[in-house]
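Bear in mind that the values here come from a model prediction, so they are computed numbers and not experimental data. Whatever order the structure lists ligands and atoms in, that order sets their numbers, starting from 1.
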Amino acid sequence: MLNMKDIAITFNEGTLDEKKALQQTNLHLEQGDFVTVIGSNGAGKSTLMNLISGSLKPDVGTIEINRKNVTMMPEYKRSRMIGRVFQDPMAGTAPSMTIQENLAMAYARNKTRTLKIGVNKKRKQLFKEHLETLHLGLENRLTAKVGLLSGGERQALSLLMATFTEPNILLLDEHTAALDPSRAELITKLTGKVVKQFGLTTLMVTHNMQQALDLGNRLIMMDKGQIILEVSGEEKQALTIEKLLQEFQRIRGKQMESDRAVLG
Ligand SMILES: Nc1ncnc2c1ncn2[C@@H]1O[C@H](COP(=O)(O)OP(=O)(O)O)[C@@H](O)[C@H]1O
Ligand SMILES: [Mg+2]
């Protein structure tokens, strides 16, 4: 369903700030895969997401979604295929618009060339039903401005807006990191639920290793612009934080050895 082949991207090439954000990266996702993504700061996790969404184009390599080559397809054309939630609760919603207007906007984005964002009766009912699934009482606040919601509520709404149109791929970039622990847990639970409900193919970046182990059927670890570890299925189920850290150190150690060999 998603096929990334030999992807590389370098920022500020040829300058002192040159940064190889991704190098020779390959990633293949099957329909319904739920992949958690971990890795240190600057490992290239967000860059990977930006390439899938189309907000960045790779220097080399190809990206296919459902066998269609989308490598150079502009972001707005891909937006129907992609649902995305960012870390910042302010990023996914429009604060000066009401809850129902925000949902209508997400709904319209998914329809080809529909610029009407009106809220008719039938749609209002649909939005209410979707909001009810969040169990936050938002279905009774359809005309409330989104700017008045708490961070957790906004993130729940962002998640709903990113998923209820059933995108091909859902991208979650540390979407619980800015929330307090109880709200983060709520959003995590909600994530598991909607991903399952719609059978969404999902990539979720998280700093929380336990979360990365608990959720999803696959896990990838990134470091310095590369995917350095991939586990899935039973192997993932058997994994612990301790084993994960050991594995990270083992791979890092190997890299340092080969770096030293190259340097002589
Ligand atoms: N638009 C950009 N311009 C220049 N450098 C960037 C840009 N985006 C990311 N980088 C750099 O690329 C590397 C990978 O960044 P990123 O993908 O955001 O890492 P992560 O999400 O894993 O923390 C970092 O060193 C970052 O500073
Ligand atoms: Mg990031």
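- Proximity of a side-chain donor or acceptor of Asp173 to a complementary backbone N or O of Phe86 within less than 3.5 Å is not detected.
- At least one N/O/S atom of Ser46, whether from backbone or side chain, sits less than 2.8 Å from the Mg ion (ligand 2).
- Side chain of Lys236 to main chain of Gly216: a donor-acceptor pair is present (N/O by atom type, distance under 3.5 Å, no hydrogens or angles).
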* Asked: Checking side-chain contact (heavy atoms from CB on, under 4.5 Å) for the pair Lys68/Asn66: CA distance, chi angles, key distance, verdict?
  -> CA-CA 5 Å; Lys68 188 179 167 70; Asn66 283 338; 5.6 Å; no
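- With respect to Lys243 and Glu247, no salt bridge is recorded, no charged nitrogen being found less than 4.0 Å from a carboxylate O.
- At a threshold of 4.5 Å between non-hydrogen side-chain atoms, the residues His175 and Met204 count as touching.
- Residues Val205 and Gln87 have side chains not in contact (no heavy-atom distance under 4.5 Å, counting atoms from C-beta outward).
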Under 3.5 Å, N/O to N/O: give me all the pairs between ligand 1 and the protein, one per line with atom names and distance.
unit_1	atom_1	unit_2	atom_2	d
ligand 1	17 (O)	Ser46	N	3.4
ligand 1	17 (O)	Thr47	N	2.8
ligand 1	17 (O)	Thr47	OG1	2.6
ligand 1	19 (O)	Gly44	N	3.3
ligand 1	21 (O)	Ser46	N	2.9
ligand 1	21 (O)	Ser46	OG	2.9
ligand 1	22 (O)	Ala43	N	3.1
ligand 1	22 (O)	Gly44	N	3.0
ligand 1	22 (O)	Lys45	N	2.9
ligand 1	22 (O)	Lys45	NZ	2.8
ligand 1	23 (O)	Gly42	N	2.7

